[in-house]
> 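Here it is, the structure, as structure tokens.
Lettering follows sequence order; numbering is per chain, from 1.
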There are 2 protein chains.
Amino acid sequence: MARSKKGRQTRERLFTTALALFREHGFEATTMRDIANGAGMALGSAYHYFPSKVAMVTAYYDQTLDADEERADAAIAAHESLPERLSAFLHAKLRALEPDQRMLSDVFKYTADKTSAAGVFNEDNREIRARAVAVFERLCDTGELKGHALELMPTLLWSTHMAVMLYFVHDDSPRQDRTHALIDGGVEALGPFIALAKTPLLTPMLDHIQKTLSDAGLLKS
Amino acid sequence: MARSKKGRQTRERLFTTALALFREHGFEATTMRDIANGAGMALGSAYHYFPSKVAMVTAYYDQTLDADEERADAAIAAHESLPERLSAFLHAKLRALEPDQRMLSDVFKYTADKTSAAGVFNEDNREIRARAVAVFERLCDTGELKGHALELMPTLLWSTHMAVMLYFVHDDSPRQDRTHALIDGGVEALGPFIALAKTPLLTPMLDHIQKTLSDAGLLKS
DNA sequence: CGCATTTATTGAACGCGTTCGATAAATGGT
DNA sequence: ACCATTTATCGAACGCGTTCAATAAATGCG
């Protein structure tokens with residue numbers, strides 16, 4: 001699909017049309033017939049470029065991940081400490097996704113679906129998942145954490161970040177103030193945690209958790 | 001729907017048929033036409049008793065919750081400490097849900113869908129959610145925890161339990177051994193945590209987390 | 001250029017969950 | 001026992017995502 005130059009253009013046009021309609025009317029309310037129509041082609045043709053409707057969302061996720069990496073770069077350049085970096089990264093991401101909130105609230109459910117093209121646990125999305133965790137690995141690389149705490153933190157933060165996203169897509173407070181407050185609260189708890197992780201108090205516990213999650217295949221590698 | 005005596009019987013027959021088919025062929029592979037047919041009625045009649053296909057899953061969740069409460073009773077009667085209670089409860093639940101794993105793996109995605117009848121965050125399921133958290137409240141009522149730690153723990157455990165369920169439905173290891181191992185690992189980390197929570201070391205951090213989550217409306221009440 | 005192969009495009013058709021208006025059966029009050 | 005109202009049952013129809021066989025257009029190679 002989309003192997004020729006014209007093909008790539010058509011695919012691009014289709015994707016742009018789809019995204020615009022998703023943003024305007026939501027994912028579920030937008031029909032494949034609407035999308036094909038809006039892009040000036042027949043229904044069947046759309047399936048030449050995307051194997052399914054949700055596959056378009058996967059493409060959107062890919063795009064969002066590019067933006068995430070840039071936001072991480074900016075946060076790393078601007079801040080030395082993990083809490084500050086996290087705060088900057090998450091607030092920036094949320095602000096950027098503000099126009100997409102409605103479409104995301106429709107679409108978030110596919111995340112938990114292993115068979116969906118937009119599912120985080122879909123084998124086809126292994127690379128996307130790895131890149132997403134890698135973003136948090138880089139944010140964590142401040143020298144504050146060591147050993148198993150450092151191994152755990154990226155995956156932990158990624159999971160929490162997914163939970164925050166779930167909260168975000170359903171947050172109807174003005175400008176999503178509640179989600180921003182949730183982030184602030186969570187980030188503030190991180191400082192004391194890092195301080196504790198430096199003492200030997202938490203070490204045995206963190207070692208054990210690291211081993212358990214690692215055995216379960218939930219940590220990278 | 002199902003207001004007369006015969007009506008209740010028909011509804012029961014429909015539900016039993018649906019559940020049997022879900023367990024045998026999975027949720028997605030089972031058609032409303034299959035269900036109606038198997039229960040000896042026309043397609044349209046099924047919708048007189050359940051407003052949608054997933055609504056049948058909600059009824060199943062309700063049933064599972066009854067069983068959860070009984071399992072909690074048993075765990076509380078048999079064990080004094082939170083880790084032991086949790087371990088007993090979770091292992092028992094997993095063993096009981098073993099035959100439903102396939103259907104649950106189809107169905108888990110609706111959990112994150114706020115508009116789905118089977119969604120945890122659906123307003124219509126507020127009571128189900130409250131009952132689910134209440135199970136963990138009772139498990140936590142051992143005297144080991146106090147203050148904000150005691151307020152946090154039930155919701156924390158419920159969330160983790162949901163994550164474990166997500167792991168479970170996709171666990172293809174024999175007899176879901178990996179999920180059971182994950183539970184054991186998680187429960188073992190709980191003892192050290194409780195010990196720490198008794199010292200004043202964690203108190204400020206837990207207080208802060210409690211306030212943040214409470215402000216976000218994520219804690220009970 | 002000519003031609004085989006690949007890529008692009010089409011619209012009808014399918015299966016699904018769901019909706020709907022019509023009709024039959026059961027119920028309850030007098 | 002009668003009739004008004006509620007409950008139950010039916011099957012056709014709708015809208016959706018998706019599939020498919022057919023055809024057109026573009027491409028690349030000798």
Side-chain angles (χ1 to χ4, degrees), chain A residues 1-19 21-22 25-60 103 106-107 109-110 113 115-119 122 124, chain B residues 1-19 21-22 25-60 103 106-107 109-110 113 115-119 122 124:
Chain A
M1 69 165 77
R3 282 166 236 262
S4 74
K5 191 182 308 179
K6 181 159 153 292
R8 271 189 298 275
Q9 285 177 354
T10 311
R11 191 191 139 103
E12 194 56 33
R13 174 165 44 95
L14 192 58
F15 181 60
T16 308
T17 307
L19 218 55
L21 290 172
F22 290 162
H25 303 113
F27 178 77
E28 305 294 357
T30 303
T31 279
M32 281 301 276
R33 285 160 180 85
D34 293 339
I35 299 169
N37 222 37
M41 65 180 76
L43 172 59
S45 299
Y47 284 89
H48 187 71
Y49 296 97
F50 292 92
S52 70
K53 194 182 172 189
V54 269
M56 294 176 172
V57 176
T58 313
Y60 163 82
M103 113 174 213
D106 270 6
V107 134
K109 57 181 161 192
Y110 299 103
D113 185 358
T115 71
S116 164
N122 189 319
D124 296 344
Chain B
M1 86 203 25
R3 283 166 235 260
S4 75
K5 191 181 306 179
K6 182 158 152 296
R8 271 188 299 274
Q9 285 177 353
T10 310
R11 191 192 140 103
E12 193 57 32
R13 173 164 45 93
L14 192 59
F15 181 60
T16 308
T17 307
L19 219 55
L21 290 173
F22 291 162
H25 303 113
F27 178 78
E28 304 294 358
T30 302
T31 278
M32 282 301 277
R33 285 158 179 86
D34 293 339
I35 298 170
N37 223 37
M41 64 181 74
L43 172 59
S45 299
Y47 283 89
H48 187 71
Y49 296 97
F50 291 92
S52 70
K53 194 183 171 189
V54 269
M56 294 176 172
V57 177
T58 312
Y60 163 82
M103 118 175 205
D106 269 7
V107 134
K109 59 181 160 192
Y110 298 104
D113 185 359
T115 70
S116 165
N122 189 319
D124 296 343

> Send over the distance from R11(B) CZ to dT9(D) P, rounded to a whole Å.
13 Å
> Whole angstroms only, please: what is the CG-P distance between N37(B) and dT9(D)?
15 Å
> In whole angstroms, how far is the P atom of dT18(C) from the OH atom of Y49(B)?
18 Å
> Keeping the roles fixed (side chain from T31(A), backbone from R33(A)), state whether a donor-acceptor pair exists under 3.5 Å.
no
> Strictly distance-based, threshold 3.5 Å: is any side-chain N or O of D113(A) a donor or acceptor partner for the main-chain N or O of G119(A)?
no
> For the pair F15(B) and F50(B), evaluate side-chain contact (heavy atoms from CB on, under 4.5 Å) and give the outcome as yes or no after the intermediate values.
CA-CA 9 Å; F15(B) 181 60; F50(B) 291 92; 4.0 Å; yes
> Suppose we screen for ring pair (Phe, Tyr, Trp, His ring centres under 6.0 Å). Which residues come up paired with Y110(A), at least two apart in sequence or across chains?
F27(A)
> Have a look at the helix from dC1(C)-dG30(D) to dT30(C)-dA1(D) and give the angle its two end axes make, five pairs each, rounded to 10 degrees.
10°
> Check whether K53(B) reaches the backbone of T30(B) with its side chain - one donor and one acceptor, N or O, closer than 3.5 Å.
yes
> Walk along nucleotides 13-20 of chain D from 5' to 3' and tag each nucleotide B, S or - by protein heavy-atom contact under 4.0 Å, base first, then sugar-phosphate.
B--SBBB-
> What is the distance from atom CE of M56(A) to atom CZ of F22(A), rounded to the nearest 0.5 Å?
6.0 Å
> Side-chain contact, heavy-atom cut-off 4.5 Å: R13(A) with M41(A)?
yes
> Nearest whole Å is fine: how far is dT7(C) P from Q9(A) CD?
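Atom CD in Q9(A) sits about 17 Å away from atom P in dT7(C).
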> Return the minimal non-hydrogen interatomic distance between I35(B) and A18(B), and the atom names on each side.
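Taking every non-hydrogen atom into account, CG2-CB, 3.8 Å.
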> Can you measure H48(A) atom NE2 to dT7(C) atom C1' for me and round it to whole angstrom units?
5 Å
> Once you round it to whole Å, what is the distance between C1' of dT18(C) and CD1 of I35(B)?
13 Å
